[in-house]
Asks: 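Pasting a structure here, questions to come.
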Amino acid sequence: GESVGLHLPTLSVQEGDNSIINCAYSNSASDYFIWYKQESGKGPQFIIDIRSNMDKRQGQRVTVLLNKTVKHLSLQIAATQPGDSAVYFCAENYDKIIFGKGTRLHILP
Amino acid sequence: DTEVTQTPKHLVMGMTNKKSLKCEQHMGHRAMYWYKQKAKKPPELMFVYSYEKLSINESVPSRFSPECPNSSLLNLHLHALQPEDSALYLCASSQTVNTEAFFGQGTRLTVV
């Protein structure tokens, strides 16, 4: 897998490797965080969420980590597949859902 | 059923036209949202309805007018738009304002 710096617009990962997508959020009062996947021409699709009383949550092939001290989120995708190609957005929610800049995940064959 | 349905999928309108975008959900959600998304940018929040009342307006120009006729429906009325308003307009809903939101596929709007 490849770890990337914050706000990197594109992440290229070999098929089968793990992907790590990072995100910084701005509001220390945010208590709920969501990762969305958006494929070309479609609306954002919910992947996984986490509340501020947790630091890790796992789903099917995905894990979200939350570090409140540095206001940082990451999304880990295990065994990346071609169908994972999309733009991934983190979103923070205090009384409204605000999206971060997004990272395009590109899968190499 | 976790579906949010938006109509139409595509819309081309002139700057003097009046049109409406429609959004429907049957998940019993009490919060509904309008977002605007330009190419290669994240969705930007426009409006939030909570229990059929407008709770957030993100300083959106008055040429965009939202309406929530009932708990399942959300409309966005458009009037005298500008070419720079061309974008993908996304509707979303969630159980309440602090829970996961589900998005529709969007309406691709072109203003000519």
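Just so it is clear: chains get the letters A, B, ... in the order the sequence lines come, proteins before strands, and each one is counted from 1. Note: hydrogens, waters and symmetry copies are ignored here, and every other heavy atom, side chains too, is used.
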Asks: Might you confirm whether atom NZ of B:Lys18 has over 12 heavy atoms from other residues, nucleotides or ligands at distances under 6.0 Å?
Replies: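 No, NZ of B:Lys18 has 12 or fewer neighbouring heavy atoms, counting only those of other groups under 6.0 Å.
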Asks: With a 4.5 angstrom heavy-atom cut-off, is it the side chain or the backbone of B:Gln37 that approaches chain A, or both, or neither?
Replies: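 The side chain, not the backbone.
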Asks: Should A:Tyr36 and B:Pro43 count as side-chain neighbours, where that means a heavy-atom distance under 4.5 Å?
Replies: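 A side-chain contact is absent here, since even the closest heavy-atom pair is not under 4.5 Å.
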Asks: Give, as side chain, backbone, both or neither, the part of A:Tyr94 having an atom under 4.5 angstrom from any heavy atom of chain B.
Replies: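 It is the backbone, since no side chain atom gets that close.
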Asks: With a 4.5 Å cut-off on side-chain heavy-atom distances among I, L, V, M, F, W and Y, is there a chain of contacts connecting A:Leu11 to A:Leu108?
Replies: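 No, no single cluster joins them.
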Asks: Looking only at heavy atoms, which two atoms of A:Ile97 and B:Tyr35 are closest? And how far apart?
Replies: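 Heavy-atom minimum between the residues: O-OH, 2.5 Å.
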Asks: Counting only heavy atoms not in B:Lys19 (residues, nucleotides, ligands), do more than 12 fall under 6.0 Å from its NZ?
Replies: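 For B:Lys19, atom NZ is not crowded (no more than 12 foreign heavy atoms under 6.0 Å).
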Asks: Under a 4.5 Å side-chain heavy-atom rule over Ile, Leu, Val, Met, Phe, Trp and Tyr, are A:Val62 and A:Val64 clustered together?
Replies: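 Cluster IDs for A:Val62 and A:Val64 match.
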Asks: Identify which part of A:Gln45 has an atom lying under 4.5 Å from any heavy atom of chain B, answering side chain, backbone, both or neither.
Replies: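 It is neither, since no heavy atom gets under 4.5 Å.
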Asks: Relative to chain A, which segment of B:Lys41 carries a heavy atom at a distance below 4.5 Å: side chain, backbone, both, or neither?
Replies: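 For B:Lys41, the backbone is the part near chain A, not the side chain.
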Asks: Measure B:Gln6 against the heavy atoms of chain A and call it side chain, backbone, both or neither at under 4.5 Å.
Replies: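 For B:Gln6, there is no contact with chain A at all, as no heavy atom is under 4.5 Å.
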Asks: Does A:Asp31 reach the side chain of B:Asn98, with side-chain heavy atoms less than 4.5 Å apart?
Replies: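 Contact flag for A:Asp31/B:Asn98 side chains = yes.
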Asks: Ring centroid separation for A:Phe99 and B:Phe103, is it under 6.0 angstrom?
Replies: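 Aromatic pair counts; centres sit under 6.0 Å.
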Asks: What distance do A:Asn93 atom CG and B:Ser94 atom OG have between them, rounded to the nearest 0.5 Å?
Replies: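 Answer rounded to 0.5 Å: 7.5 Å.
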Asks: Taking all heavy atoms of A:Gly43 and all of B:Gln105, pick out the closest pair and write down the distance.
Replies: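 Smallest heavy-atom distance, with atoms named: N-OE1, 3.7 Å.
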Asks: Determine whether more than 12 heavy atoms belonging to other residues, nucleotides or ligands lie under 6.0 Å from atom CE of A:Met54.
Replies: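 Enclosed: over 12 neighbouring heavy atoms sit under 6.0 Å from CE of A:Met54.
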Asks: In terms of hydrophobic clustering (I, L, V, M, F, W, Y; side-chain heavy atoms under 4.5 Å; direct or indirect links), are A:Tyr32 and B:Met32 co-clustered?
Replies: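 No, because A:Tyr32 and B:Met32 fall into different hydrophobic clusters, even though each may have its own neighbours under 4.5 Å.
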Asks: Can you tell me how far apart NZ (A:Lys42) and CG (B:Leu88) are? Round to the nearest 0.5 Å.
Replies: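 Rounded to the nearest 0.5 Å, the NZ-CG separation comes to 13.0 Å.
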Asks: With a cut-off of 6.0 Å (strictly less than), are more than 12 heavy atoms of other residues, nucleotides or ligands near CD of A:Gln60?
Replies: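 Counting neighbours around CD of A:Gln60, 12 or fewer heavy atoms of other residues, nucleotides or ligands fall under 6.0 Å, so no.
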Asks: Answer with side chain, backbone, both or neither: which region of B:Ser55 has an atom nearer than 4.5 Å to a non-hydrogen atom of chain A?
Replies: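 For B:Ser55, neither part sits under 4.5 Å from chain A.
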Asks: Specify the closest pair of heavy atoms between A:Phe46 and B:Glu100, including all atoms of both residues, with the distance to one decimal.
Replies: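 So the two residues come closest at CE1-CB, 3.6 Å.
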Asks: Search all heavy atoms of B:Leu45 against all heavy atoms of A:Lys96 and return the closest pair with its distance.
Replies: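 For B:Leu45 and A:Lys96, the tightest heavy-atom pair comes out as CD2-CB, 3.5 Å.
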Asks: Treating Ile, Leu, Val, Met, Phe, Trp and Tyr as nodes and any side-chain heavy-atom pair under 4.5 angstrom as an edge, say whether B:Phe47 and B:Tyr89 lie in one connected cluster.
Replies: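 Hydrophobic grouping puts B:Phe47 with B:Tyr89.
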Asks: What part of A:Asp49 lies closer than 4.5 angstrom to a heavy atom of chain B: side chain, backbone, both or neither?
Replies: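 For A:Asp49, the side chain is the part near chain B, not the backbone.
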Asks: Do A:Ile50 and A:Tyr25 share a hydrophobic cluster (ILVMFWY, side-chain heavy atoms under 4.5 Å, transitive)?
Replies: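 Looking at the clustering, A:Tyr25 is in the same group as A:Ile50.
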